[in-house]
Amino acid sequence: VVSWTSIVTAYTLFGYMAQAKSLFDRMPHKDLVSWTTMLHAYAQHGYVQEARALFDQIPCKDVFLWTAMLQAYVQNGCLDEGRSLFEKIPKRNAVSWTTMVQGYVQHGNLQEARKLFDECRERDIVSWNAMIAAYTQVSNLEEARELFNQAPRKDPVTWNTMIRAYAQHDHLEESRQMFYDMPGMDVTSCAAMILAYSVHGYLDLAWELFSTMPVQDSVSWNVIIQAYTQNGLGRIALRLVHEMSEQGLYRD
RNA sequence: CGGAGUUCU
């Protein structure tokens, strides 16, 4: 069952829905993981009815499956259906709540999102990150900062969200401050900071950070290349592209 | 590390 499901997953990741479905249908035994995988694939490709039909066939549902169905609804704009499903989930956890909250965020209902977030007692770090990001997306940096300060824990995504938000709103100093307040050196936040420097024209600082970060991932390579390109230094960028491919990394 | 939610390329 495990290896069959892995292959189904592989098909869905490459967008081969027909193959995935056909293999899924021929699976001798299906368990909750394979059901959820298929349901999630339907959702990703916008097949809400198919997802629901599948969902209704499944006898014993766990919270993963419920939440996948919830995600199928909210991702495809069916917020009301999503909400009533949400109310029916037997054991809602932080993921279910955050999925619902995020559904409201993505459809512009920040009020309802925040209301739900405040009611929720199953909040984990991802819930906080989602709510913080929601405020940065509507340029409400004050509220984002407020939540950031209240957040019981912070991970690289938390920091990264704030660093980028400040950079995008021309608050380079705040970005810098965040970056240096952050414990440890996360590659994603380095990339965020490199991008911040470069869009403000500080190529030297961007390069300095890039070359001193512990390990350069493909995101930071892409960002530094973009930095040189956009600042009119195409030949340096080309050299970096070459170096990058020598490291076995790919450009986006 | 066979399945669900958050930031970025």
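Order of the sequence lines fixes the chain letters, A, B, ..., with proteins taken first and strands second; residue numbering starts at 1 for each chain. The basis for the numbers below is simple: all heavy atoms, side chains too, and nothing from hydrogens, waters or symmetry mates.
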Results of ring-ring contact (aromatic ring centres under 6.0 Å, His included) for A/Tyr228 - residues two or more places apart only = none
Which pairs pass salt bridge (charged side-chain N to carboxylate O under 4.0 Å, His left out) with one or both residues in residues 170-191 of chain A, sequence neighbours excluded?
-> A/Glu173-A/Arg176
Between protein and nucleotides 2-9 of chain B, map the contacts as a letter string: B base, S sugar-phosphate only, - none, heavy atoms under 4.0 Å, written 5' to 3'.
-> BBBBBBSB
Dot-bracket line, read 5' to 3' along RNA chain B, where crossing pairs take [ ] and | marks a partner on another strand, Watson-Crick or G-U under 3.5 Å | .........
ILVMFWY cluster membership beyond A/Val126 - transitive side-chain contacts under 4.5 angstrom = A/Ile125
Any pair with a residue in residues 60-89 of chain A that passes salt bridge (charged side-chain N to carboxylate O under 4.0 Å, His left out), sequence neighbours left out, goes on the list, sorted by first then second residue, please.
-> A/Arg83-A/Glu87, A/Arg83-A/Glu112, A/Glu87-A/Arg92
Scan residues 117-137 of chain A for pairs that pass salt bridge (charged side-chain N to carboxylate O under 4.0 Å, His left out), counting only residues two or more places apart or in two chains.
-> A/Arg114-A/Asp118
With sequence neighbours excluded, what pairs up with A/Phe148 under the side chain to side chain contact (heavy atoms under 4.5 Å, CB included) test?
-> A/Ile132, A/Arg145, A/Lys154, A/Thr158, A/Trp159, A/Met162, A/Met178
Pairing residues for A/Tyr42 by the ring-ring contact (aromatic ring centres under 6.0 Å, His included) criterion, not counting sequence neighbours | none
